[in-house]
*Asks:* 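Please read through the structure below; I'll follow up with questions.
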Protein chains: 2
Amino acid sequence: METPADPVREARLDAVFAALADPTRRAILAMLLEDDMAVTDVAAPFDMSLPAVAKHISVLVRAGLIRQDRRGRVTWCQLDPDALREASGWMLAFGQIDAIDLDGLERFLAAELAGDMVAEAGGAAPGPPGYLGKDEEVSLP
Amino acid sequence: METPADPVREARLDAVFAALADPTRRAILAMLLEDDMAVTDVAAPFDMSLPAVAKHISVLVRAGLIRQDRRGRVTWCQLDPDALREASGWMLAFGQIDAIDLDGLERFLAAELAGDMVAEAGGAAPGPPGYLGKDEEVSLP
DNA sequence: GGCATGTTCAACCATCCGGTTGACTGATGG
DNA sequence: CCATCAGTCAACCGGATGGTTGAACATGCC
């Protein structure tokens with residue numbers, strides 16, 4: 001009973017993690033993080049053929065990590081972080097045993113939130129036991 | 001981008017994401033999340049041979065996701081969340097933070113490393129537009 | 001010693017993955 | 001119209017993966 005055994009979700013996680021398990025594809029995502037790009041421009045910095053990069057892009061599309069928008073003869077690639085959010089939620093479930101606590105990020109967020117007091121008290125999820133959003137010691141003014 | 005092109009970290013991310021891209025291995029991790037287990041007990045619920053599961057375990061070990069401790073003739077498997085933490089940090093950067101935030105994070109870390117907590121003057125720190133505002137509903141796998 | 005238990009090793013097989021090249025379709029524009 | 005640019009398709013190749021089986025170590029117990 002501990003396993004919901006949701007095959008759809010499992011398949012999506014398969015696709016997302018498999019797509020992320022390649023430095024070229026992660027680099028593509030990093031590029032698209034800054035701006036939408038055409039396929040040819042995505043392929044430009046890589047030392048491989050265009051079809052190879054196009055394959056990588058199609059892997060990312062099938063994983064739901066990017067969307068493609070064909071306009072004229074160029075097809076634009078655009079990041080779609082929804083699928084990634086689901087996978088990151090899976091990882092957070094493991095982080096519950098011990099807070100993710102990646103160095104600096106938490107303090108960065110604390111700093112940002114300190115200057116901009118987001119109502120995190122109300123947004124504090126009661127379910128996940130203490131990941132972020134708890135009243136962590138904020139060492140920033 | 002400020003990508004340092006760290007090949008070691010890239011290889012680690014490769015291994016971790018590739019290890020996660022398999023439902024059997026994710027299930028193994030979920031089992032070990034509750035308790036340490038022997039290899040045979042890990043393999044018990046799966047409908048495949050013991051060597052197959054042992055291979056999956058060795059993939060997880062090589063990815064740094066679990067540790068093995070051979071005591072007597074049974075080898076105990078234990079979750080090791082460090083590697084997962086690094087990968088989840090990578091995903092957090094994409095899934096929940098926007099591009100501007102990455103730059104902000106870089107500046108923040110740079111400033112902190114410099115021991116100089118100064119806010120960038122006039123730089124108009126890009127406040128994270130709804131970082132925690134996302135209705136992040138972490139659910140168990 | 002002898003035997004059962006826990007785990008790994010070694011071949012072997014089918015399939016997938018990442019890359020190539022070459023031909024192909026389709027929109028742009030002189 | 002014809003050349004060119006953007007991108008895909010198809011076939012192919014080498015190597016990694018995921019699974020099997022059968023044998024080989026080890027160790028614990030009688």
Side-chain angles (χ1 to χ4, degrees), chain A residues 7 10-32 35-79, chain B residues 7 10-32 35-79 83 87:
Chain A
E10 288 296 298
R12 264 198 313 250
L13 287 175
D14 283 8
V16 171
F17 284 129
L20 294 179
D22 186 291
T24 302
R25 288 194 287 261
R26 287 197 304 272
I28 291 175
L29 289 180
M31 292 162 61
L32 292 178
D35 209 349
D36 298 2
M37 299 178 74
V39 170
T40 305
D41 296 328
V42 168
F46 295 102
D47 191 16
M48 67 182 74
S49 66
L50 175 61
V53 177
K55 275 192 196 175
H56 281 301
I57 292 178
S58 106
V59 168
L60 291 168
V61 167
R62 276 195 298 270
L65 289 168
I66 71 180
R67 276 191 309 265
Q68 276 186 317
D69 179 24
R70 190 170 206 162
R71 208 148 38 191
R73 65 176 165 182
V74 340
T75 69
W76 293 90
C77 303
Q78 172 184 3
L79 206 66
Chain B
E10 287 295 299
R12 263 197 316 249
L13 287 175
D14 282 9
V16 171
F17 284 129
L20 294 179
D22 186 291
T24 301
R25 288 193 289 260
R26 287 197 305 272
I28 291 174
L29 289 180
M31 291 162 61
L32 292 178
D35 209 349
D36 299 2
M37 299 177 75
V39 171
T40 305
D41 296 328
V42 168
F46 295 102
D47 191 17
M48 67 181 75
S49 67
L50 176 61
V53 176
K55 276 192 195 176
H56 280 301
I57 292 178
S58 106
V59 168
L60 291 167
V61 167
R62 277 197 298 272
L65 288 169
I66 73 179
R67 278 192 308 266
Q68 275 185 319
D69 179 23
R70 185 166 206 162
R71 210 150 33 192
R73 64 179 163 178
V74 349
T75 68
W76 293 91
C77 303
Q78 169 185 359
L79 207 66

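Computed from a predicted model, the values in this text were never measured in an experiment. In what follows, chains carry the letters A, B, and so on, assigned in the order in which the sequence lines appear, proteins first and then strands, with residues in each chain numbered from 1.
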*Asks:* Which whole-number value in Å describes the distance from Gln68(B) CD to dA26(D) P?
*Replies:* 17 Å
*Asks:* Just wondering, do Met31(A) and Asp41(A) contact through their side chains at under 4.5 Å, heavy atoms?
*Replies:* no
*Asks:* Given atom CZ of Arg71(A) and atom C1' of dT28(C), what is their separation to the nearest angstrom?
*Replies:*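 So the two atoms are 16 Å apart, to the nearest Å.
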*Asks:* For Leu79(B), run the side-chain contact (heavy atoms from CB on, under 4.5 Å) check against Leu32(B), Asp35(B), Leu65(B) and tell me which one passes.
*Replies:* Leu32(B)
*Asks:* Nearest whole Å is fine: how far is dA27(C) P from Arg73(A) CZ?
*Replies:*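 That distance rounds to 11 Å.
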*Asks:* With a 4.5 Å cut-off on side-chain heavy atoms, are Leu13(A) and Arg26(B) touching?
*Replies:*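 Arg26(B) vs Leu13(A): side chains touch.
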*Asks:* What's the CD1-C1' distance between Ile57(A) and dC9(D), to the nearest Å?
*Replies:*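 Interatomic distance, CD1 of Ile57(A) to C1' of dC9(D): 16 Å.
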*Asks:* Just by modelled atom types, is the Ala18(A) backbone N or O under 3.5 Å from a matching donor or acceptor in the Arg25(A) side chain?
*Replies:*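 Pair found, side chain donor or acceptor close to backbone of Ala18(A).
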*Asks:* Specify the separation, in whole Å, of atom CZ of Arg62(B) and atom P of dG18(D).
*Replies:*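 For the pair Arg62(B) CZ and dG18(D) P, the rounded distance is 10 Å.
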*Asks:* Which residues within residues 43-56 of chain B lie with some heavy atom under 4.0 Å of an atom in DNA chain D?
*Replies:*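 Output list: Met48(B), Ser49(B), Pro51(B), Ala52(B), Lys55(B), His56(B).
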*Asks:* Would you kindly give the CZ-to-C1' distance between Arg70(B) and dA26(D), to the nearest whole Å?
*Replies:*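 Interatomic distance, CZ of Arg70(B) to C1' of dA26(D): 7 Å.
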*Asks:* With rounding to the nearest 0.5 angstrom, report the CG to CD distance, Asp14(A) to Glu10(A).
*Replies:*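 The distance works out to 6.5 Å.
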*Asks:* To the nearest Å, give me how far apart CG (Leu60(B)) and P (dT17(D)) are.
*Replies:*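 Rounded to the whole Å, the gap is 13 Å.
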*Asks:* Could you please spell out the steps behind the side chain to side chain contact (heavy atoms under 4.5 Å, CB included) verdict for His56(B) and Val42(B)?
*Replies:* CA-CA 10 Å; His56(B) 280 301; Val42(B) 168; over 6 Å; no
*Asks:* What contact category does Arg25(B) fall into here, base, sugar-phosphate, or nothing, at under 4.0 angstrom with non-hydrogen atoms?
*Replies:* sugar-phosphate
*Asks:* With a 4.0 Å cut-off on heavy atoms, is Ala38(A) in touch with a base, just the backbone sugar-phosphate, or nothing at all?
*Replies:*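 Result for Ala38(A) = sugar-phosphate.
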*Asks:* Rounded to the nearest Å, what distance is computed from the CG atom of residue Asp14(A) to the P atom of nucleotide dG18(D)?
*Replies:*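 These atoms are roughly 10 Å apart.
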